[in-house]
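Report on the following structure.
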Protein chains: 2
Amino acid sequence: MDDSGQNADGPAASKRKDARRNQQTLLDAAAAVFATSGVEAPVRDIAAEAGVGMGTIYRHFPTRADLVIAVYRHQVETCAEAGPALLAAGPTPHAALGRWVGLFVDFLVTKHGLAAAMQADNAGFETLHAYFLDRLLPVCTELLDAAAAAGEIRSDVGAYPFLRGVGNLCIGAGTDPRYDARRLVELLVEGLRPPHRP
Amino acid sequence: MDDSGQNADGPAASKRKDARRNQQTLLDAAAAVFATSGVEAPVRDIAAEAGVGMGTIYRHFPTRADLVIAVYRHQVETCAEAGPALLAAGPTPHAALGRWVGLFVDFLVTKHGLAAAMQADNAGFETLHAYFLDRLLPVCTELLDAAAAAGEIRSDVGAYPFLRGVGNLCIGAGTDPRYDARRLVELLVEGLRPPHRP
DNA sequence: TGCGAAACGGAACTACGCTCCGTATCGTTA
DNA sequence: TAACGATACGGAGCGTAGTTCCGTTTCGCA
């Protein structure tokens, strides 16, 4: 899966020193440009910001998804690792689920355009979608299972649709003060509770 | 607002006969291409399907949003009109809300790429966003207010974020069998219920 | 110091949105 | 019905952006 040149976070310990340095430069430049113009910023802009040619970008990060993943890897890892911790700490599995989802939402809404790019069918971003899934789906499954086992939520909602739903709700957040993704996600999490029999 | 050439559904009763005919041809062609390739299909493709030049498209529909609106106007109107009817018919306002939202979701998930295009910040689609809002927000508000007045849902959720949330949840539906937008929207609607005090 | 491999840069190719203007068509008037 | 102005048409052409390709430069080892 990581035959694409960049793995882990630091530039791979392989190859020439200038290449490693350029990779780091690129990562920094991309982070800066993403923050300003969103993850769909023109490749030329990122190259310019980094002071390198476009060929260099494509050599290090064959697809835009590779670059995005490399830039945000740390934060996604952190989010993934927070899942089990919250489950252990929280008063109930449902509360832990709520908090964990909140973390994910906080991450997404502050990354301009990331939630939209993460869409499954977004050409050129399939790898990005897959990465988020690989990393977060197991965590989400664990939390959902725990909450279901505790009888706090229905057990017929899959982690995949749920996680995608949360991601979808974050699209466009941060560009419109009237739209509060956090709130809607809270409602969705409430909606997971078993239908109360009156 | 409709100084753009096309209004209502039939070609405007104005101007030359060939122009009217072309406008209808364009609408049919666009509907066909949208169904196959989604609403982001290249303008050239639509022109080719209709057997006209691109200039003709831009003359009749200055922006892509105008074309999309024209193609789907009927269905959006139908959806909007169904709101009050459901409210009058349904057993409860909350049930009516659920059914109405279901109608909206059914519409969106069958229109490849429409939910995504409807995004507020999508360059060139602002008009589309505005049209959906103009048409559906009042209906949604009415349903939400009725349900809130009946004490069936919290009263602190605005119609705008709710409607956008529903739209967002529909993004990417229909391209992935694992993702069930309908289900998630149902959960969201359940999440609207007042927190039950134990 | 010399040399082959690795990396670099950016011109060039493709795809697409959108505009612009010469040409064709319509329908009205003499 | 012939002629003419207004209206509409078509598609070449321009700008922008993604992606590739290859001649040039740099690195690091012998």
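Letters A, B, ... mirror the listed sequences (proteins, then strands); counts begin at 1.
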(message) Please report the distance, rounded to the nearest Å, between CG in L26(A) and C1' in dG9(C).
(response) 13 Å
(message) Considering every strand and a 4.0 Å limit on heavy-atom distances, what is the contact class for R64(A): base, sugar-phosphate, or nothing?
(response) sugar-phosphate
(message) Distance criterion of 3.5 Å, no angle test: do you see the side chain of R16(A) paired donor-to-acceptor with the base of dA6(C)?
(response) yes
(message) Both D18(A) and R44(A) contact DNA chain D. Taking the nearest nucleotide for each, which residue is further toward the 5' end?
(response) R44(A)
(request) For F61(A) and dC8(C), give me the distance from atom CZ to atom P, rounded to whole Å. (result) 11 Å
(request) Side chain of A19(A) only, please: which of dC9(D), dA17(D), dA7(C) is the nearest? (result) dA7(C)
(message) Tell me whether the side-chain N/O atoms of T56(B) come closer than 4.0 Å to OP1 or OP2 in dA8(D).
(response) no
(message) Using the side-chain contact (heavy atoms from CB on, under 4.5 Å) definition, which of the options V68(B), L27(B), I69(B) pairs with F61(B)?
(response) L27(B)
(message) Nearest whole Å is fine: how far is dT25(C) P from R59(B) CZ?
(response) 14 Å
(message) Is the phosphate of dA8(D) approached by H60(B) (side-chain N or O, under 4.0 Å from OP1 or OP2)?
(response) no
(request) Give the ring-plane orientation class for F104(A) versus F132(A), where under 30° counts as parallel, over 60° as perpendicular and anything between as tilted. (result) tilted
(request) Figure out the CE/C1' separation between M54(A) and dT16(D), and round it to whole Å. (result) 12 Å
(request) Would you kindly give the NZ-to-P distance between K17(B) and dT28(C), to the nearest whole Å? (result) 10 Å
(request) Can you figure out which of dT26(D), dC26(C), dG18(D) approaches the side chain of Y58(A) most closely? (result) dG18(D)
(message) From CD of Q23(B) over to C1' of dC9(D), roughly how many Å is that when rounded to an integer?
(response) 14 Å
(request) Would you give the length of the straight line joining atom CZ of F125(A) to atom OG1 of T63(A), rounded to the nearest 0.5 angstrom? (result) 8.0 Å
(request) By nearest nucleotide on DNA chain C, pick out whichever of G53(A) and E40(B) is the more 5' one. (result) G53(A)
(message) On a heavy-atom basis, which atom in L144(B) and which in A159(B) lie closest, and how many Å separate them?
(response) CD2-CA, 3.5 Å
(message) Without decimals, in angstroms, what is the distance between D45(B) CG and dC16(C) P?
(response) 7 Å
(request) Check step by step if side chain to side chain contact (heavy atoms under 4.5 Å, CB included) holds for H94(A) and V189(A). (result) CA-CA 8 Å; H94(A) 186 271; V189(A) 173; 3.6 Å; yes
(request) Look at the side-chain N and O atoms of N22(B) and state whether any lies under 4.0 Å from the OP1 or OP2 oxygen of dC9(D). (result) yes
(request) Please report, rounded to the nearest Å, how far the C1' atom of dA7(C) is from the CD1 atom of I57(A). (result) 14 Å
